Amino acid sequence: MQRFYVTTPIYYVNAAPHVGNAYTTVVADALRRYHGLRGHDSLFLTGTDEHGLKIEREASRRGVDPKHYVDEMSSRFRAVWPKLDVAPDIFYRTTDSAHEERVKRWWERCAANGDIYLGEYSGQYCVACEELKTEKELLPGGLCPVHEKPVEPVTEASYFFKLSAFGERLLKFYEDNPKFVQPESRRNEVIAFVREGLKDLSISRTTFTWGVPVPGDPKHVMYVWFDALFNYLTAVEESPLRERFWPCDMHIVGKDILRFHAVYWPAFLMSAGLADEQLPRTVYAHGFLLRGGRKISKTARTTESAPSVQLTPGTFDPVRIADALGADALRYYLLREVAFGQDGEFSIAAIIDRARAELGETLGNLLHRALPFAKHFDNKFPTVDPKLVGEKETELVERARETAVEVARCWNDNQPHRAIEQSIDLARAGNKYFDDLAPWKLARSVEDHPRLAVVFATVTELVAQVATMLWPVIPTKSDALRRQLGLPAVCLTVSVDLWPNTWGLLSAQTVLEPGAPVFARYDPTEREKLLESLDVRRIDAVPVSPTPNVTQSKPSPTELSPEEPLATIDYDQFAKVDLRLGRIVAAKRIAKRDLLLELSVDVGETAPRTIVAGIAKSYSPESLVGTQVVVVANLAPRAVGGVLSQGMLLACGPKDSLGLATFARELSPGTRVK
Ligand code: MSP
């Protein structure tokens, strides 16, 4: 039987969790839910990292005892996760006495194998990172490259871990286990770092006391990272879980803490005597959620680095966002919008717009257009006459089968954003089928009811399939959709694969339970109100500035003139732009705006989109109707000339004689442009 043990980093408790921490945790929760759905034996650990100078200082700044402080903060973290539909099996704390005892034993094993010695430690320390920095890494002015804060000079007696002795074995391990560090680009970085030669690592401190005492020398406390990394193992020790789940399948970490997990952690375990097969299987480093181009963070306080912008304290509070917009909308956005592994700019408007367009208008709407027809079948899933199943249905069933395989592949490859995209594309195909087959016409005469049964059964089954595929992402809403279709809420059972591998989740005569729409509609007025209350107006005003790159230093980009070539981007960055073929179905001028036209553009969705384009000097509205255009379909909507524009058209040339990009052949609206 397959199993899946996934972890998030354990979070420092120096401040409440922000949406960046929520990101890591939601991804881990979704991956675990996917594996659970497949019947894999699964375990999900998160928790809090409670020792170290940073925590000791924060407690003393607040005038409280560190233990009291960490108890309170840790319970805040614990309370956040259920509000985001995150359900860890283990919420672990490094101040747990069992952890402290166990990590001491791991220290003793490394020491007994000759890998720990007493020496003197001297260098520039970043308290926020809890890490010594080399001169090369520092920004001008001696600032930490991650937090942009001054580092502190330190010299003290310290125990060292002989990291330098592990370079060759680590390189061999990376070679033998190509999936250990993912994605590939991060793997190359780690290998290059190790190839440069490893220095021994200071793993104890004497200048503060808030940590696990070093066995046999309690003047020293363990370096917080030695203590913290072992949490993944001590949490399952002395229990049947160790046998069942170790080695861990996947550590999900931000790119800033990759080195700790991909270099130090396996070296500690090797030193403690673990064979290569007992080392964690994968460390996956994801990118950052950015605001105005900068990492959202507890320590660097993004708001302070852009002093012209005043944010309300809860701007990045995931609970506040989930309370206002729904946990489903936040989770959907985090997993869908940001390509896993890459950085992504955080925007509340984009959370709303994604949820509205894809959950509400595509998936939810399909169900709520279909369910009213249930009344023709006594509110039960109808029995279908196989002779009436036509080509369109066969095509759609085949498409659903392929999608289920493809979506599963994306989850297995750790690509939630692609898994979701494909799932929603299937719902789009369902909408198109519904429109083409026009069940409202079939409903008019009783003779057509057997055929109506086919169309109704096809659409509702398709919704059940998509809802189930999206269960890892939006569990509560997925269960609500399933309930309306007469299916039970998903209940994970080891060895029971609930993936929609075959057509036929719904069976004839199941009682349907049509109910209120499952997803929020976010109409324009409500959207504006939500944006106002979440203070997005002001955060959206943060100027985009180059992010300090924390994994390698690069010169900041110079200003480019519009005609100069832009910097190279990789395919994944390009793939984030959703280009679609659109057909202009209506066009008109906008009063008092000479440059603008308001267009209705069919992009294969249930209704045309409104797009405002600055082409009024180049085209008359009448001449545009029927023109095929290239639409940037996933651009966050914004008001242009007082009209909410839901996308952009591609064009080039001078302002008064622009040429729209178009196609040399007739194709269907909504076709992906690649
Ligand atoms: N305590 C250590 C981890 C020890 S694990 C043995 C730590 N804690 S942290 O609270 O500072 O960060 C935890 C995680 O949150 C990291 O993976 C970090 O990358 C992630 N994030 C913090 N800010 C983030 C964003 N703005 N965006 C995405 N992830 C972010 O490091």
Side-chain angles (χ1 to χ4, degrees), residues 6-28 45-55 58 70 73-74 76-77 80-81 92-95 99 103 106 126-131 144 146-147 186 211-212 222-235 248 250-266 268-269 280 283-303 305 315-318 333-335 337-347 547-548 550-551:
V6 62
T7 68
T8 71
I10 47 172
Y11 298 102
Y12 288 132
V13 289
N14 58 317
H18 56 71
V19 72
N21 307 131
Y23 176 63
T24 316
T25 321
V26 164
V27 174
L45 171 142
T46 189
T48 42
D49 185 356
E50 304 183 10
H51 290 127
L53 184 55
K54 175 153 66 176
I55 308 295
E58 188 60 31
V70 297
M73 291 302 287
S74 178
R76 281 177 70 179
F77 270 82
V80 162
W81 304 131
Y92 202 57
R93 301 182 55 186
T94 52
T95 52
H99 168 74
V103 79
W106 286 107
C126 171
V127 179
C129 292
E130 295 279 17
E131 189 185 20
C144 159
V146 180
H147 297 92
R186 298 283 167 212
V212 181
M222 286 180 198
Y223 174 45
V224 62
W225 273 101
F226 189 93
D227 157 12
L229 284 163
F230 273 98
N231 93 88
Y232 304 126
L233 179 50
T234 63
C248 178
M250 191 169 189
H251 295 309
I252 300 183
V253 302
K255 63 184 180 184
D256 52 335
I257 58 170
L258 175 60
R259 190 182 298 171
F260 296 93
H261 285 81
V263 182
Y264 304 168
W265 176 222
F268 293 159
L269 290 171
V283 175
Y284 197 107
H286 63 71
F288 290 150
L289 283 193
L290 310 174
R291 186 69 247 178
R294 284 166 184 273
K295 178 188 178 208
I296 295 171
S297 98
K298 298 196 279 262
T299 318
R301 297 201 205 285
T302 313
T303 50
S305 54
T315 298
F316 302 118
D317 174 356
Y333 165 81
L334 292 174
L335 289 156
E337 191 86 10
V338 184
F340 192 45
Q342 308 285 317
D343 291 343
E345 183 71 15
F346 176 76
S347 148
T547 328
V550 295
T551 43

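Ligands are counted one by one from 1 in listed order, and the atoms in each one are counted from 1 as well. Remember, predicted model here, so these are calculated numbers, not experimental data.
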Quick note on ligand 1: atoms under 4.0 Å from a heavy atom of D49 include exactly 1 (N), 2 (C), 4 (C)

Distance col, row E130:CD vs H51:NE2, nearest 0.5 angstrom, shows 11.5 Å

Short version for K255: what comes under 4.0 Å of ligand 1, heavy atoms counted, is neither

Requested in this report: Please lay out, stage by stage, how F346 and Y23 fare under the test ring pair (Phe, Tyr, Trp, His ring centres under 6.0 Å).
Outcome: CA-CA 11 Å; F346 176 76; Y23 176 63; over 10 Å; no

A student comparing I257, V253, I296 should find that the heavy atom closest to atom 31 (O) of ligand 1 comes from I257

Quick look: D256 vs ligand 1, heavy-atom contacts under 4.0 Å, and the answer is side chain

A student checking ligand 1 against P9 at a 4.0 Å heavy-atom cut-off should list atoms 3 (C), 5 (S), 14 (C), 16 (C), 17 (O)

Do Y284 and V27 have side chains that approach each other closer than 4.5 Å (heavy atoms only, starting at C-beta)?
no

In ligand 1, the atoms that come under 4.0 Å of a heavy atom of A228 are 6 (C)

_With nothing but distance in play, are any N or O atoms of F288 less than 3.5 Å from an N or O of ligand 1?_
no

Side-chain ion pair, E50 and R93, N-O less than 4.0 Å
yes

message = Looking at C126, is its backbone amide N or carbonyl O close enough to the side chain of E131 to form a donor-acceptor pair, meaning the two atoms are under 3.5 Å apart?
response = no

Taking the side chain as everything from C-beta on, heavy atoms only, tell me whether F230 gets closer than 4.5 Å to F268. yes

Counting heavy atoms under 4.0 Å, the part of W225 that contacts ligand 1 is side chain

> Any non-hydrogen atom of Y232 lying under 4.0 Å from ligand 1?
Replying inline: yes

Using heavy atoms and a 4.0 Å limit, tell me yes or no: is H286 in contact with ligand 1? yes

Relative to the ring of Y92, is the ring of H99 parallel (under 30°), tilted (30 to 60°) or perpendicular (over 60°)?
perpendicular

Does ligand 1 have an atom under 4.0 Å from some heavy atom of G287? yes

Assign the ring pair F260 / W225 to parallel, tilted or perpendicular, where the plane angle (0 to 90°) is split at 30° and 60°.
parallel

